[in-house]
Amino acid sequence: QVQLVESGGGLVQPGGSLRLSCAASGRIFSIIDMRWYRQSPGKQRELVAAAPTAGSTNYADSVKGRFTISRDNAKNTVYLQMDSLKPEDTAVYYCYVLVRLRKSDLNNAYWGQGTQVTVSS
């Protein structure tokens, strides 16, 4: 199976920055897509940013120009650089990875454990 380990959350003041990391480990044949989602209390989980292997990165309108998703394919790691943070960015952030475990397999999706990001003065 695949394990995802997230890190980098915390408390930051409005206007500050944080960088989230999510490392995937296990017997992975190929990674199809790596994404970040977030969920705040009382709200549905929403897509923040995606970095598909074959395709362009894309972002939620609410974070365009402030967040940057990137990947280190050698390390099977996805990052989310979050700048100009706002209180409304407060949420639990989850990484999501879509992989193929063997060449002949269907795709499998895995979620990270979540990391809390709190933006407050």
Asker: Closest heavy-atom contact between Leu4 and Ala24?
Answerer: CD2-CB, 3.4 Å
Asker: Which residues pass the side-chain hydrogen bond (donor to acceptor under 3.5 Å, both in side chains) test with Asp72, not counting sequence neighbours?
Answerer: none
Asker: Should Leu18 and Met34 be regarded as members of a common hydrophobic cluster, given that ILVMFWY residues are connected when their side-chain heavy atoms come within less than 4.5 Å of each other, either directly or indirectly?
Answerer: yes
Asker: Count the heavy atoms of every other residue, nucleotide or ligand shown that sit under 6.0 Å from CD of Gln44, and state whether that count exceeds 12.
Answerer: no
Asker: Can you name the side-chain hydrogen bond (donor to acceptor under 3.5 Å, both in side chains) partners of Tyr37, sequence neighbours left out?
Answerer: Arg35
Asker: For Pro52 versus Asn58, what's the shortest heavy-atom pair and its separation?
Answerer: CD-ND2, 4.5 Å
Asker: Are Val2 and Ile28 close enough that some pair of their side-chain heavy atoms sits under 4.5 Å apart?
Answerer: yes
Asker: With sequence neighbours excluded, what pairs up with Ser84 under the side-chain hydrogen bond (donor to acceptor under 3.5 Å, both in side chains) test?
Answerer: none
Asker: Atom OG1 in Thr118, atom CG in Asp89: separation rounded to 0.5 Å?
Answerer: 11.0 Å
Asker: Can you find a pair of side-chain heavy atoms, one from Trp36 and one from Met82, that are under 4.5 Å apart?
Answerer: no
Asker: Quick one: pull up OG in Ser40 and CD in Glu46 and give me the separation to the nearest 0.5 Å.
Answerer: 7.0 Å
Asker: Give a yes or no on whether Leu20 and Val63 share a hydrophobic cluster (residues Ile, Leu, Val, Met, Phe, Trp, Tyr; joining criterion: side-chain heavy atoms under 4.5 Å apart).
Answerer: yes
Asker: For the pair Gln1 and Asn108, evaluate side chain to side chain contact (heavy atoms under 4.5 Å, CB included) and give the outcome as yes or no after the intermediate values.
Answerer: CA-CA 10 Å; Gln1 295 301 312; Asn108 291 275; over 6 Å; no
Asker: Just by distance, do the side chain of Tyr59 and the backbone of Ile69 share a donor-acceptor pair under 3.5 Å?
Answerer: yes
Asker: Which distance, rounded to the nearest 0.5 Å, do you find between the CZ of Phe67 and the CZ of Arg38?
Answerer: 5.5 Å
Asker: Is there a donor-acceptor contact under 3.5 Å from the side chain of Glu6 to the main chain of Gly114?
Answerer: yes
Asker: Could you go through the side chain to side chain contact (heavy atoms under 4.5 Å, CB included) check for Ile31 and Asn76 one step at a time?
Answerer: CA-CA 8 Å; Ile31 294 180; Asn76 287 345; 3.5 Å; yes
Asker: Verify, without hydrogens or angle tests, whether Thr90 (side chain) and Val119 (backbone) share a donor-acceptor contact under 3.5 angstrom.
Answerer: yes
Asker: For the residue pair Gln81 and Ser17, establish whether any side-chain heavy-atom pair is separated by less than 4.5 Å.
Answerer: yes
Asker: Which is it for Asn73 and Thr53 under the side chain to side chain contact (heavy atoms under 4.5 Å, CB included) test, yes or no, and what are the steps along the way?
Answerer: CA-CA 9 Å; Asn73 293 324; Thr53 300; 5.7 Å; no
Asker: Would the distance check show the side chain of Ser21 and the main-chain N or O of Ser7 forming a donor-acceptor pair, the cut-off being under 3.5 Å?
Answerer: no
Asker: Do the charged groups of Asp61 and Lys64 touch, with an N to O distance under 4.0 Å?
Answerer: yes
Asker: Taking Asp105's backbone N and O only, do any of them form a donor-acceptor pair with Arg100's side chain (distance below 3.5 Å, no angle check)?
Answerer: yes
Asker: With the 4.5 Å side-chain cut-off for hydrophobic clustering, are Leu47 and Trp111 part of the same group?
Answerer: yes
Asker: Could you pull out the closest heavy-atom pair between Leu80 and Ala49, with the gap in Å?
Answerer: CD1-CB, 4.2 Å
Asker: Run the numbers on Tyr96 and Arg45 for side chain to side chain contact (heavy atoms under 4.5 Å, CB included), then give the verdict.
Answerer: CA-CA 12 Å; Tyr96 165 101; Arg45 191 171 296 188; over 6 Å; no
